[in-house]
Amino acid sequence: SADDTQSVFERYDGYWGDKPSYDRLEAKVVPDPRSRVAALRAGELDLIGGFWVAGLTPVEAKQLDAAGVPVVIDPGNVTLVMAFNPDRAEVLKDPLVRKAISTGIDRAAIAQALYLGYARPAGNLFSDALPLAGKQYDAPVRDVAAASALLEKAGWTGGPVRSKDGKPLTLEMVVSPEAIPGARVVAEVIQSELKEIGIDLAVRSVDHASKHTDMLEKKYDLGFFLTYGAPFEPFGTIVGLFLSTFKNDVEGKLVTDPVNLDPLINAAASASEEEVQPALQKFYDWLRDNDAIAPLIYVPTIWAHSKRVQGFSVAATEYDMPYENIVLAD
């Protein structure tokens, strides 16, 4: 049965294949996050979590863990990436400036501020949890001296806000906490860190709808994107966010370059099984060599379950509900 409040499934013992160990499953609709957490602690729910389904915040996870509720952290297969928009900010056309900004960001601090240590700093577009993710690099370590030297080399001098040809080094970051929870916190961390290397970063918060409009119309200098995650990777994100000939009316593009990038993407998309990995590596190498994007963290997936749930394991994608191996203790 199903209605607006829940869907109920009952085991059919005449089924030919493997059958669940329990005879009934109730998938309840509980929109309010705090109500879900309270219901789990009260024993009214057995399982909550997931990236999109019924997400748990790191704070909630810490509270549940402290209360003795089992918490399961999956490393995640979605990456939070910072985009540069050189079409609006002329300064971002210079790869030295892009590299300086990326070098000036403390990814470990962002992981701690946003996910209380549950997230991993990112050194790549995709994490090693995904197939065809390419050669894996350690996340860049923040180096204020190196970042400052790069800006000096690019001709941006002085302080406290650097300038060049009489123009201050000022940028705007657009964020939406509705679209990406915690985005404002991350932006403020980056704002403080870039100030130390002489960049004045203004942060503009918008609602979910305005964020999509601003991204599509490129009304930002710096902005956040999320990769699509399994099962769509790697080509879901690569085609959706990088291929200039693919129309993306939802969130716009991370980077496009019809001359240099499109041929690499098309070659990888048409490559044979034996050739696809080296073809994709050329795409990843181009992004890295040009500091075209700044991957920040691999976003974790957080689940929590009651103590009577045994055998729980995180499913491969958000579209597979992780019920298969669960056994309910008496």
Side-chain angles (χ1 to χ4, degrees), residues 18 49-53 55 72-83 102 107 110-111 115 118-140 180 224-246 248 250-257 260-303 311-326:
D18 293 337
F51 190 75
W52 303 112
V53 181
V72 179
I73 308 297
D74 182 76
N77 50 55
V78 171
T79 308
L80 177 65
V81 183
M82 190 176 73
S102 185
R107 288 158 174 81
I110 291 172
Y115 283 99
Y118 287 137
R120 289 188 297 156
N124 308 270
L125 176 61
F126 300 122
S127 78
D128 54 8
L130 291 164
L132 301 174
K135 183 179 179 182
Q136 296 291 293
Y137 293 91
D138 292 335
I180 301 176
F224 296 138
F225 283 77
L226 291 171
T227 58
Y228 295 167
F232 305 107
E233 307 300 18
F235 286 104
T237 290
I238 291 173
V239 171
L241 298 183
F242 294 92
L243 184 63
S244 70
T245 55
F246 180 84
N248 185 340
V250 178
E251 56 205 328
K253 300 286 185 176
L254 252 171
V255 178
T256 57
D257 187 326
N260 296 300
L261 208 51
D262 281 10
L264 298 178
I265 296 171
N266 290 327
S270 60
S272 66
E273 187 175 348
E274 294 76 20
E275 297 171 340
V276 67
Q277 180 66 67
L280 280 170
Q281 191 60 52
K282 292 179 180 179
F283 164 77
Y284 299 137
D285 289 345
W286 187 92
L287 293 179
R288 184 176 179 84
D289 292 344
N290 289 277
D291 289 284
I293 60 173
L296 299 178
I297 57 172
Y298 302 125
V299 182
T301 301
I302 306 173
W303 294 84
F312 172 82
S313 60
V314 178
T317 79
E318 281 288 298
Y319 306 94
D320 301 305
M321 293 296 98
Y323 305 140
E324 186 176 357
N325 299 314
I326 287 179

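This chain uses plain numbering: 1 for the first residue, then up along the sequence.
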Give me the atom names and distance for the closest heavy-atom approach of [X] to [Y].
X: Leu241; Y: Leu226; result: CD1-O, 4.1 Å
X: Lys135; Y: Gln281; result: N-OE1, 2.8 Å
X: Ser270; Y: Asn266; result: OG-O, 2.9 Å
X: Ala294; Y: Arg107; result: CB-NH2, 3.9 Å
X: Lys253; Y: Gly240; result: NZ-O, 3.0 Å
X: Ala119; Y: Ile297; result: CB-CD1, 4.2 Å

| said: If the test is side chain to side chain donor-acceptor pair (under 3.5 Å), which one of Asp257, Thr256, Asp262 qualifies with Ser244? | reply: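 Result: among Asp257, Thr256, Asp262, Asp262 is the only option passing the side chain to side chain donor-acceptor pair (under 3.5 Å) with Ser244.
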
Just verifying a value: how many Å separate [X] [atom1] and [Y] [atom2], rounded to the nearest 0.5 Å?
X: Phe235; Y: Phe246; atom1: CZ; atom2: CZ; value: 13.5 Å
X: Tyr228; Y: Leu130; atom1: OH; atom2: CG; value: 14.5 Å
X: Ser313; Y: Asn325; atom1: OG; atom2: CG; value: 5.0 Å
X: Met82; Y: Ile110; atom1: CE; atom2: CD1; value: 8.0 Å
X: Thr301; Y: Asn77; atom1: OG1; atom2: CG; value: 6.5 Å
X: Ile265; Y: Trp286; atom1: CD1; atom2: CH2; value: 9.0 Å

| request: Show the numbers, then the answer: is there a side chain to side chain contact (heavy atoms under 4.5 Å, CB included) between Tyr115 and Leu80? | output: CA-CA 12 Å; Tyr115 283 99; Leu80 177 65; over 6 Å; no

| Intermediate values then yes/no, side chain to side chain contact (heavy atoms under 4.5 Å, CB included), Leu296 and Phe224 | CA-CA 9 Å; Leu296 299 178; Phe224 296 138; 3.7 Å; yes

| said: Pair Leu264, Asn260 - check side chain to side chain contact (heavy atoms under 4.5 Å, CB included), show working. | reply: CA-CA 7 Å; Leu264 298 178; Asn260 296 300; 6.0 Å; no

Does [X] reach the main-chain N or O of [Y] with its side chain, forming a donor-acceptor pair under 3.5 Å?
X: Glu233; Y: Thr237; value: yes
X: Gln136; Y: Gly134; value: yes
X: Asp74; Y: Val314; value: no
X: Thr79; Y: Val81; value: no

| Taking side chain as C-beta onward, heavy atoms only, is Tyr284 less than 4.5 Å from Asn124? | no

| task | Give me the one residue out of Leu280, Ile238, Val78 that meets side chain to side chain contact (heavy atoms under 4.5 Å, CB included) with Phe126. | result |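 It is Ile238, the one option of Leu280, Ile238, Val78 that forms the side chain to side chain contact (heavy atoms under 4.5 Å, CB included) with Phe126.
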
| said: Around atom CG of Asp289, are there more than 12 heavy atoms from other residues, nucleotides or ligands closer than 6.0 Å? | reply: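 Buried by this count: over 12 neighbours within 6.0 Å.
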
| request: Decide yes or no on side chain to side chain contact (heavy atoms under 4.5 Å, CB included) for Thr227 and Phe232, but give the supporting numbers first. | output: CA-CA 9 Å; Thr227 58; Phe232 305 107; over 6 Å; no

